[in-house]
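Throughout, a chain's letter reflects where its sequence line sits, starting with A, and its residues are numbered from 1.
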Protein chains: 2
Amino acid sequence: MWGVFSLCVMMGRVFGVMNRFLSNATNRIDAKGRVSVPAPFRAVLAQRNIQELYCLQDLVFPAVSVGGPDLLERYERQIAQADPFSPEANAMSLLVHGGGVYMRLDAEGRLMVTDFIRDFAGITTEITFVGRSDHFQLWQPQAFHEAQTAARAGRATFAARPA
Amino acid sequence: MWGVFSLCVMMGRVFGVMNRFLSNATNRIDAKGRVSVPAPFRAVLAQRNIQELYCLQDLVFPAVSVGGPDLLERYERQIAQADPFSPEANAMSLLVHGGGVYMRLDAEGRLMVTDFIRDFAGITTEITFVGRSDHFQLWQPQAFHEAQTAARAGRATFAARPA
DNA sequence: CGGCTTCCCATTGACGCCCATATGGTCCCA
DNA sequence: TGGGACCATATGGGCGTCAATGGGAAGCCG
């Protein structure tokens, strides 16, 4: 375990790639509603000393974002910029604090797939983990592939135009 | 004051996101009109040594805010900032001081759902606890979901613009 | 005296913690 | 170069503990 950990730290220092959430993987949800977080993602979590996970619904896609406390604090800084009694800050807190969920991994590196995740992402039996550099996301497998192909198509037209 | 502040900072580093009211949970109201406060919320209350709860109506949403004495003080500071003879301060004082209610939890961590809460939030059989970082709120379940989806829709267009 | 509240105890269902198994991949050695 | 041992990951399941809920009994104020 710690051998892997320190190895990843070394690799991260050398290659500068292993220290962020990258690529995607699909795992099955067992009868108790648990799913294994991909080992590369767990390695990143360990490297960043993240033991408490903060989950939030994505604002545009039917996916749930998962990250460390810094993910929450990033949103909170944005809220703090507004007037604390304004309706805007109120609504934003409703999303970030009321919609956010705190989670932990079990000893094997699994997380519970709650109805909160199931309903919002449309997940039933399988779940796709998608790296997003500083956090990762939970997707319904097919929805992820569709969104990715759609993004690729849109990106092609976008890249064709001179930036 | 600063001791408390730095203590909170330290606890924040240690416990991460566990030291604030986060996420939401829906519980049932029993025949006696009681409802269990979610254990994570009770843990935050215990950590902050809050034994006396102060409740008041949210200024925007049909929900009741619940927090410690500091919640009342925060609203009083907001009132103090305004002109004491202004209509806004007058109306706010009417809400905060006239509409506020003190409450206590029983030995099992439950609170009585009074008519004050029922009428304002439209609650009947179930109640949704919504974390708000430094306090939490009581919602009618469906009203919460609707308000959240509405807030997300508004926020999505807002997030499309660069911050 | 009656309704309402507060304290106490019982139940049960969910979740966390633990151990066991399988499967796929890698490395070593013949 | 092919076989085999080894390892890590993913997955399955048992069990204990705790939280949510229900209900009874005693206390308080009308």
Counterpart residues, side-chain hydrogen bond (donor to acceptor under 3.5 Å, both in side chains), relative to A/Arg74 (two or more places apart): A/Asp134
Using a cut-off of 4.0 Å on non-hydrogen atoms, how would the nucleic acid contact of B/Arg104 be classed: base, sugar-phosphate, or nothing? nothing
Please pick, from D/dG12, D/dA10, D/dG22, the nucleotide with the shortest atom-to-atom distance to any side-chain atom of A/Asp30. D/dG12
Whether the B/Arg132 and A/Asn90 side chains hold a donor-acceptor pair (N or O, under 3.5 Å, no angle test) is what I'd like checked. yes
Base, sugar-phosphate, or nothing for A/Asp106, non-hydrogen atoms under 4.0 angstrom? nothing
Taking only heavy atoms on the protein side, list every residue of residues 113-122 of chain A lying under 4.0 Å from any atom of DNA chain C, sorted numerically. none
Between A/Leu138, A/Val64, A/Ile29, which is the residue that forms a side chain to side chain contact (heavy atoms under 4.5 Å, CB included) with A/Val113? A/Ile29
Using atom names, set out every protein N or O paired with an N or O of nucleotides 24-30 of chain D below 3.5 Å, distance rounded to 0.1 Å.
{"from": "D/dG24", "atom 1": "O6", "to": "B/Lys32", "atom 2": "NZ", "distance (Å)": "2.1"}

Centre-to-centre under 6.0 Å for B/Tyr75 and A/Phe85, is that the case here? yes
Restricting both atoms to N or O, compile the protein contacts to nucleotides 9-13 of chain C shorter than 3.5 Å, with distance only.
none

Could you tell me how the ring of A/Phe136 sits relative to the ring of A/Phe129: parallel (under 30°), tilted (30 to 60°) or perpendicular (over 60°)? tilted
Measure the distance from CD1 on B/Ile127 to P on D/dT21 and round it to the nearest whole Å. 11 Å
Is B/Ala107 touching bases, backbone alone, or none of the nucleic acid, heavy atoms closer than 4.0 Å? nothing
Starting at CZ of A/Arg110, measure out to CG of A/Asp106 and round the result to the nearest 0.5 Å. 5.0 Å
Atom pair OG/CD1 of A/Ser36 and A/Ile127 - distance to nearest 0.5 Å: 11.0 Å
Residue pairs meeting side-chain hydrogen bond (donor to acceptor under 3.5 Å, both in side chains), one or both in residues 138-148 of chain A, sequence neighbours left out, come to A/Gln137-A/Trp139, A/Gln142-A/Glu146
Whole Å only: how far is the CZ atom of A/Phe41 from the C1' atom of D/dT9? 15 Å
Distance, rounded to the nearest Å, where B/Ile29 contributes CD1 and D/dA20 contributes P: 15 Å
What side-chain hydrogen bond (donor to acceptor under 3.5 Å, both in side chains) pairs are there with at least one residue in residues 118-130 of chain B, not counting sequence neighbours? B/Thr26-B/Thr128
What about A/Tyr54 and A/Tyr102, are their ring centers closer than 6.0 Å? no
Kindly say whether B/Gly131 contributes a backbone atom to a donor-acceptor pair with the side chain of B/Arg20 at under 3.5 angstrom? no
Contact class for A/Val37 vs. all strands (heavy atom < 4.0 Å): base, sugar-phosphate, or nothing? sugar-phosphate
In whole angstroms, how far is the C1' atom of C/dC15 from the CE atom of A/Met103? 12 Å
